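Only heavy atoms go into these numbers, but all of them, side chains included; no hydrogens, no water, no symmetry mates. It should be emphasised that the depicted structure is a prediction, and the values quoted were computed from it without experimental measurement.
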Amino acid sequence: MTSTSRKAYGVKGAPYAFLMPATVLFLLFFALPIGYAVWLSFRKVKVSGLGLGSGARKEVWAGLENYTDALTDNELVAGALRVLGYGCIVVPVMLGLALLFALMLDSEKVRLAPVTRLAIFLPYAIPGVVAALLWGFLYLPDVSPFYFVLEKLGLPQPDLLDGGPLYLALSNIAVWGGTGFNMIVIYTSLQAIPTEVYEAARLDGATPLQIALRIKIPMVAPSLVLTFFFSIIATLQVFNEPTTLKPLTNSVSTTWSPLMKVYQDAFGRGDIYAAAAQATIIALATLLLSFGFLRATNRRNKQEASR
């Protein structure tokens, strides 16, 4: 091989060399664990006799048995319904506040915009477990300063960790922690809009509210789609908040959410095969919902572009 061909080969192979570290990490810590979980989901342990002695318990092929059991598991279905109700609160409230804050920060009349932007984003930097512990103690009547103030004022003291208010308590933690991230994404898109668009709208007599509703929001629609997509995935994978609040209330069971059910089966009952099947179902449901939403959004954008 001549020196010229070596140089040409080196130039062509440079991109692959740069991609190699990320590819290796992806295969080792993402693709391989997923593949192993899928493989476990088709297996089960067969117990012979009393299950004592060597060879009494062995791993055998189970086919779709674990998936059938998971789809007919009342606890898993109930957890999915609870997460659905939780998501109906979290997603619209969080994205609505993120859009509102982004529009307010993009206004020319706002003061101390960098400080305000940092204050809204700061809760996102707090780990989810820490945030859940913080709010959990604020929800407890015995230690919460809010309940102390309500008691002194003679106002009702609702138990936010019991019954229906529990959904609001959990949703508040997610909204408090996730609004800042979504706000930054939308605000960045607003900053990318050319100022000439606003100037032309003002010359036509548009008010700030009309500019926000008819120009800003339609032009940041891709960012709204992106944040909605991320929010849906995060909602389906809710785990930290209910798990952290569980020791503080009896209203949160060990299988409150689908991921908590997976964790309980894998490490509480020791049935990693059933847990692997449930985790695979959750991953497929997330993939299908995400793919369906993105496809519907792309179809709508193409229809609007063709008009």
Side-chain angles (χ1 to χ4, degrees), residues 74-98 100-101 115-184 230-269 275 278 282:
N74 293 330
E75 290 185 342
L76 185 65
V77 174
L81 293 176
R82 281 191 288 266
V83 168
L84 178 62
Y86 166 84
C88 289
I89 301 173
V90 171
V91 175
V93 174
M94 181 168 59
L95 295 186
L97 288 175
L100 176 63
F101 290 150
V115 177
T116 305
R117 187 166 60 247
L118 178 62
I120 298 173
F121 179 77
L122 191 59
Y124 178 74
I126 299 176
V129 175
V130 177
L133 281 174
L134 169 66
W135 282 102
F137 282 106
L138 291 176
Y139 293 150
L140 284 177
D142 295 335
V143 297
S144 174
F146 299 136
Y147 284 90
F148 176 78
V149 174
L150 291 175
E151 181 182 3
K152 293 300 181 182
L153 295 176
L155 298 175
Q157 304 173 39
D159 188 357
L160 296 177
L161 295 178
D162 186 30
L166 177 64
Y167 284 86
L168 298 178
L170 290 170
S171 301
N172 175 66
I173 300 174
V175 171
W176 181 78
T179 300
F181 170 80
N182 295 304
M183 180 272 296
I184 290 295
F230 287 154
S231 299
I232 289 294
I233 294 177
T235 300
L236 294 174
Q237 297 177 351
V238 61
F239 179 82
N240 289 335
E241 293 84 357
T243 302
T244 306
L245 292 184
K246 183 185 175 302
L248 305 180
T249 175
N250 294 326
S251 298
V252 180
S253 65
T254 56
T255 59
W256 192 88
S257 72
L259 282 189
M260 291 178 68
K261 177 69 165 60
V262 172
Y263 182 87
Q264 178 65 20
D265 286 349
F267 302 104
R269 296 176 49 236
Q278 294 169 13
I282 295 172

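- Contacts of L161 classified as side-chain contact (heavy atoms from CB on, under 4.5 Å), with partners at least two apart in sequence or in another chain: Y139, L140, D159, L166, L245, L248, T249.
- With values rounded to the nearest 0.5 angstrom, I232 atom CD1 is found 8.5 Å from L95 atom CG.
- In this structure, T235 and G87 approach most closely via the heavy-atom pair CG2-CA, 3.4 Å.
- Residues passing the side chain to side chain donor-acceptor pair (under 3.5 Å) test with N240: none are found, sequence neighbours excluded.
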Report task. Please assess S231 against N182 for the test side chain to side chain contact (heavy atoms under 4.5 Å, CB included), listing each intermediate value before the final yes or no. Result -> CA-CA 9 Å; S231 299; N182 295 304; 4.0 Å; yes
**Report entry** side chain to side chain contact (heavy atoms under 4.5 Å, CB included) assessment of I282 paired with L236
**Finding:** CA-CA 8 Å; I282 295 172; L236 294 174; 5.5 Å; no
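- Taken from CE in M260 to NZ in K246, the straight-line distance is 7.0 Å, to the nearest 0.5 Å.
- The minimum heavy-atom distance between T179 and V175, with the atom names listed, is OG1-O, 2.5 Å.
- Atom CD of Q278 sits about 10.0 Å away from atom CG of L259, to the nearest 0.5 Å.
- Applying the ring pair (Phe, Tyr, Trp, His ring centres under 6.0 Å) rule to F239 yields the partners Y263; only residues at least two apart in sequence or on another chain are considered.
- Residues forming a side-chain contact (heavy atoms from CB on, under 4.5 Å) with T244 (at least two apart in sequence, or on another chain): V129, A132, L133.
- Rounded to the nearest 0.5 angstrom, I173 CD1 and E241 CD are separated by 6.0 Å.
- Proximity of a side-chain donor or acceptor of S171 to a complementary backbone N or O of I89 within less than 3.5 Å is not detected.
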Query raised in the report: Going through the distances and angles, do R117 and I184 end up as a side chain to side chain contact (heavy atoms under 4.5 Å, CB included)?
Result: CA-CA 8 Å; R117 187 166 60 247; I184 290 295; 3.7 Å; yes
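- Legend: ring pair (Phe, Tyr, Trp, His ring centres under 6.0 Å) pairs involving residues 143-166, not counting sequence neighbours: none detected.
- Once rounded to the nearest 0.5 Å, the distance linking NZ of K261 with OG of S253 reads 10.5 Å.
- Under the side chain to side chain donor-acceptor pair (under 3.5 Å) criterion, R82 pairs with no residue, sequence neighbours left out.
- When all heavy atoms of V83 and S257 are compared, the closest pair comes out as CG2-CB, 3.8 Å.
- Classification of the Y86-W256 ring pair by plane angle, with boundaries at 30° and 60°, yields perpendicular.
- Ring orientation note: the planes of W176 and W135 are nearly perpendicular, at an angle over 60° on the 30°/60° scale.
- Within a 6.0 Å radius of CZ in F121, other residues, nucleotides and ligands contribute more than 12 heavy atoms.
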